[in-house]
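Naming convention: chains lettered A, B, ... in sequence-line order (proteins, then strands); numbering from 1 in each chain. If you're wondering where the values come from, they're calculated on a predicted model, not measured in any experiment.
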Amino acid sequence: MPEGPSIVILKDLIRELHLGKPEVLEVTGNAKNFDKDRLLHQKVEGFKSWGKHFLICFNDFTVRIHFMLFGSYLINGRKKTPVKLGLIFKKDELNFYTCKVDLLEGNVKEHYSWENDVMADEWSSSAAIKKLKEKPNALVCDVLLDQQIFSGVGNIIKNEVLYRTRIHPLNKIEDLPPAKLKALVKEARNYSFDFLKWKKDNTLSKHWEVYSKKECPLQHKIDKRELGKTHRQTYFCEKCQKTVK
DNA sequence: GCGCTTGTTCTCGC
DNA sequence: TGCGAGAACAAGCG
């Protein structure tokens with residue numbers, strides 16, 4: 001569920017409902033960190049996403065949903081696990097489970113910069129490169145997960161992007177030749193759109209080249225280790241992915 | 001029943 | 001007081 005492309009899928013599914021600007025007729029759920037009555041009888045002005053954040057925008061505030069690792073949602077359906085937030089409209093309802101819900105005051109544009117959302121039209125690769133150069137000592141396996149640089153990229157995308165670009169996860173940013181750095185940034189966005197397409201087709205896992213695999217496409221043995229400050233599982237091929245230094 | 005995980009935030013100790 | 005490492009939290013699948 002949680003990586004950026006999956007949030008785009010949620011946004012697309014809601015678009016297909018043709019809700020327009022629906023009024024919230026009822027609010028359910030056990031989210032306690034804000035007053036749910038704030039939403040009652042308010043009109044949703046739009047559904048947006050920023051990276052892994054799903055945003056339900058109202059006139060002067062926005063509800064932010066973060067699915068973390070285990071979050072889920074149902075459109076016009078309910079399940080047994082307690083609902084965290086449910087919005088009931090005239091014909092349709094949205095239910096969110098096991099997620100973090102927060103209320104952001106004011107205009108949502110004050111809270112986010114879309115140039116670092118790998119899925120956004122506003123994505124700026126030059127801004128990403130600039131931010132990477134400010135972290136010369138950081139490891140590539142860590143920077144890909146930095147939501148202020150690659151908002152929306154998660155652990156699957158990280159691993160696949162590193163393999164596609166043949167970059168070893170333990171390379172430092174400062175050791176990457178400019179062309180490699182550029183390729184890294186380009187592929188972070190490019191693979192994210194492949195992820196979106198394959199996830200929609202239900203064929204995402206079939207296309208994994210290293211993530212959760214035992215062998216790379218060239219039949220080399222895959223290493224699986226917790227690497228970097230982030231300590232996330234990293235799947236990589238020592239033969240295909242080279243350290244520069 | 002256990003181990004694992006597409007993630008983030010908070011606490012604690014130095 | 002600032003920091004980084006580790007804990008904490010969560011649900012469902014094989």
Please determine whether a side-chain nitrogen or oxygen atom of [X] lies at a distance below 4.0 Å from atom OP1 or OP2 of [N].
X: A:K224; N: B:dT5; result: yes
X: A:Y235; N: B:dT6; result: no
X: A:K100; N: B:dT8; result: no
X: A:R232; N: B:dT6; result: yes

Would you mind classifying the nucleic acid contact of [X] as base, sugar-phosphate or nothing, using non-hydrogen atoms under 4.0 angstrom?
X: A:K158; value: nothing
X: A:K199; value: base
X: A:Y97; value: nothing
X: A:T81; value: sugar-phosphate

| message | Rounding to an integer number of Å, can you tell me how far A:D102 CG sits from B:dC10 P? | response | 10 Å
| request: Nearest whole angstrom, please: distance from the C1' of B:dC4 to the NE2 of A:H231. | output: 18 Å
| Selection from B:dT8, B:dT5, C:dA10 that lies nearest to any side-chain heavy atom of A:Y211 | B:dT5
| Nearest of C:dA11, B:dT8, C:dG6 to any side-chain atom of A:K52? | B:dT8
| request: Could you tell me whether the side chain of A:E160 and the main chain of A:E209 form a donor-acceptor pair under 3.5 Å? | output: yes
| task | Assess the side chains of A:K158 and A:T230: does a donor N or O sit below 3.5 Å from an acceptor N or O? | result | no
| said: Checking side-chain polar atoms at under 3.5 Å, does A:W114 have a donor or acceptor matched by the opposite partner on A:D121? | reply: no
| field | Assigned partner base of C:dA10, Watson-Crick or wobble definition, under 3.5 Å | value | none
